[in-house]
Amino acid sequence: MKIRIVIVSLIISAVIFGQTLSFDEAYKIYSEKNSTVKNLKLNNQIREEERKELVNSLKTDLTITGSTSYNLDEETTEKTGKISYRDFYIEATQKDSNNTDQVIVGVEKTINNFIYNTDKAQIYSNKISNLNAQYEDKQSLMSSISSFGDKYVAVLNQDNTIKSTEILLQEKMKDLEIAKVKYNSQNLSAYDLKVIELSVNELTTTLNIAKVEKEDLLKEFKNLLNYESEITLKDLDIINDYEIYKDESSIKIIENQIELAKDELKGLKVANLPELTAGAYYNLDDEDTTMELGFTWVPLNYRGDEKSKKLTIEKYNNNLLEAQNSYELSIQQTQNSIKKLELNVELSKQTLDLAKLELEKYKIMKEKGTLSEYDYFDKQKEVLDDEIAYLNYLNQLNLAKKLQNIYSQL
């Protein structure tokens, strides 16, 4: 019978309170369900498909052309067909005037492409763009995860306020019951009774407001998870082992921009040169081979400003130096941020311990009649605030360390 009662109690508790999630469990749900995270993951797949599409488009150089011409004076017809794939082609010509056919197999190559291949340049440009997009997505993901952690801790901090306030409220309600008995027996003044009643009302109001605010925070957090069931959140585990994550994304992005700009500058230099072509074709009918060499130069058709591109590279180099300095600073700031949290945790713990000792002294003074109920309650609120501050600092410290470990695994 007892076992059945326990099982029923557990079922009822599960229905009332919903699922209890640890930080890792909530993060797993967030990683799987949050639309921002899912879209960032989809971005990489989209870029890969676009890369394949680009490569395939550069390979589809097969061209088939045909033409028919009629000479009105000679009353002759000429038909021409040509199949070309990249640099190679087969051309066939038929003339009905003397019923002659001509088939030519040839190759024609732009020599400039040996210096700078435009197809490879497009693929390289796409590769750099994709790499930088991945770095930018990673930065967005880290920002999103940081926001997730902040919202998780916001709920925990509100829990701290609720739990600590509930404990003090229960204590004051007991004090109120005792105070009513003393007042009825004329051992307590109406003023002191009023102070205790007001303290109960004040704590009740604080508690109710905290619960309402927690509902909003929890709803916001559930929306972040795309989670509909009721949940409660566990306190963060104490994190001892962690490593500062060193994010080089901003540096890598600029380094990639510099490399791409250098490649584009090389392309501009080649584009501004005369276009040299070399070719050869073999006439299957005459069985002779012809070699060709030619060039095209449009001196007024300047393809691009090389100086402008060089200045752009110089600007990127300046940005790179700034990014490197920011990188070193960000590592130091993260280390100092965690160090400050550790100091605040230690200090707030000492402050709380001292406040509790002082509260014991205040309690003795109140019992002796040398301290008013108002001053005693004021001290109780101070201990309450110190306790909440300590617990909140502890949550923030553990979150900061936890995030460093998560970032390192991305």
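Quick note: numbers below take in every heavy atom, side chains included, and nothing from hydrogens, waters or symmetry partners.
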Looking only at the side chains, is there a donor atom on one of [X] and [Y] sitting less than 3.5 Å from an acceptor on the other?
X	Y	answer
Asn405	Tyr245	no
Gln257	Asn132	no
Glu328	Gln332	no
Ser69	Glu78	no
Asn39	Asn43	no

Are Lys252 and Asp247 close enough, and set up right, to give a salt bridge (Lys or Arg N to Asp or Glu O under 4.0 Å), and what steps lead you there?
CA-CA 10 Å; Lys252 294 295 185 183; Asp247 181 23; over 6 Å; no

Got a second to check how far [X]'s [atom1] is from [Y]'s [atom2], nearest 0.5 Å?
X	Y	atom1	atom2	value
Leu203	Gln380	CG	CD	8.0 Å
Gln139	Ser143	CD	OG	9.5 Å
Leu352	Ile388	CG	CD1	10.5 Å
Leu225	Leu21	CG	CG	7.5 Å
Lys339	Asn336	NZ	CG	10.0 Å
Ser147	Tyr152	OG	OH	15.0 Å

Compare every heavy atom of [Y] with every heavy atom of [X], then report the nearest pair and how far apart it is.
X	Y	answer
Ala26	Phe148	C-CZ, 3.8 Å
Arg47	Asn130	CD-OD1, 3.4 Å
Leu403	Ser146	CD1-CA, 4.2 Å
Ala154	Leu217	O-CD1, 3.6 Å

For [X], is the [atom1] atom crowded, meaning more than 12 foreign heavy atoms sit under 6.0 Å from it?
X	atom1	result
Met173	CE	no
Tyr116	OH	yes
Glu53	CD	no
Glu228	CD	no
Lys38	NZ	yes

Candidate pair Glu259 and Lys127, rule salt bridge (Lys or Arg N to Asp or Glu O under 4.0 Å), full reasoning:
CA-CA 11 Å; Glu259 291 304 312; Lys127 176 184 176 181; over 6 Å; no

For the backbone of [Y] and the side chain of [X], can you confirm whether one donor and one acceptor N or O come within less than 3.5 Å of each other?
X	Y	result
Asn398	Leu394	yes
Thr370	Lys366	no
Ser125	Gln122	no
Ser144	Ser140	no
Asp375	Leu371	no
Lys41	Ser31	yes
Ser337	Gln333	no

Apply the test salt bridge (Lys or Arg N to Asp or Glu O under 4.0 Å) to residues Lys28 and Glu32: give CA-CA distance (whole Å), side-chain angles for both, the deciding distance (0.1 Å), then the verdict.
CA-CA 6 Å; Lys28 185 175 185 297; Glu32 294 172 351; 2.7 Å; yes

Less than 6.0 angstrom separating the ring centers of [X] and [Y], yes or no?
X	Y	value
Tyr183	Tyr191	no
Tyr376	Tyr362	no
Tyr227	Phe221	no

Would you say that [X] contacts [Y] through its side chain, given a criterion of any heavy-atom pair below 4.5 Å between the two side chains?
X	Y	answer
Leu311	Glu314	yes
Asn319	Ile258	no
Phe23	Lys234	no
Gln19	Glu230	no
Thr110	Asn113	yes
Lys82	Thr65	yes
Asn395	Asn157	yes
Phe377	Ser372	no

Please evaluate residues Ile29 and Glu25 with respect to the criterion side-chain contact (heavy atoms from CB on, under 4.5 Å), reporting the C-alpha separation (whole Å), side-chain torsions for both, the decisive distance (0.1 Å), and the verdict.
CA-CA 6 Å; Ile29 295 171; Glu25 290 168 339; 5.6 Å; no

side-chain contact (heavy atoms from CB on, under 4.5 Å) between Tyr27 and Ile145, intermediate numbers included:
CA-CA 8 Å; Tyr27 176 65; Ile145 293 171; 3.5 Å; yes

Report yes or no: is the cationic atom of Lys109 (NZ for Lys, CZ for Arg) under 6.0 Å from the centre of the six-membered ring of Phe114, at an angle within 45° of the ring normal?
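Yes, a cation-pi geometry.
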
Could you go step by step and tell me if Ser164 and Leu391 meet the side-chain contact (heavy atoms from CB on, under 4.5 Å) rule?
CA-CA 10 Å; Ser164 298; Leu391 294 173; 4.3 Å; yes

Worked check of salt bridge (Lys or Arg N to Asp or Glu O under 4.0 Å) between Lys349 and Asp353
CA-CA 6 Å; Lys349 182 65 170 62; Asp353 290 341; 3.0 Å; yes

side-chain contact (heavy atoms from CB on, under 4.5 Å) between Glu197 and Lys172, worked out
CA-CA 9 Å; Glu197 288 177 341; Lys172 296 308 293 184; over 6 Å; no

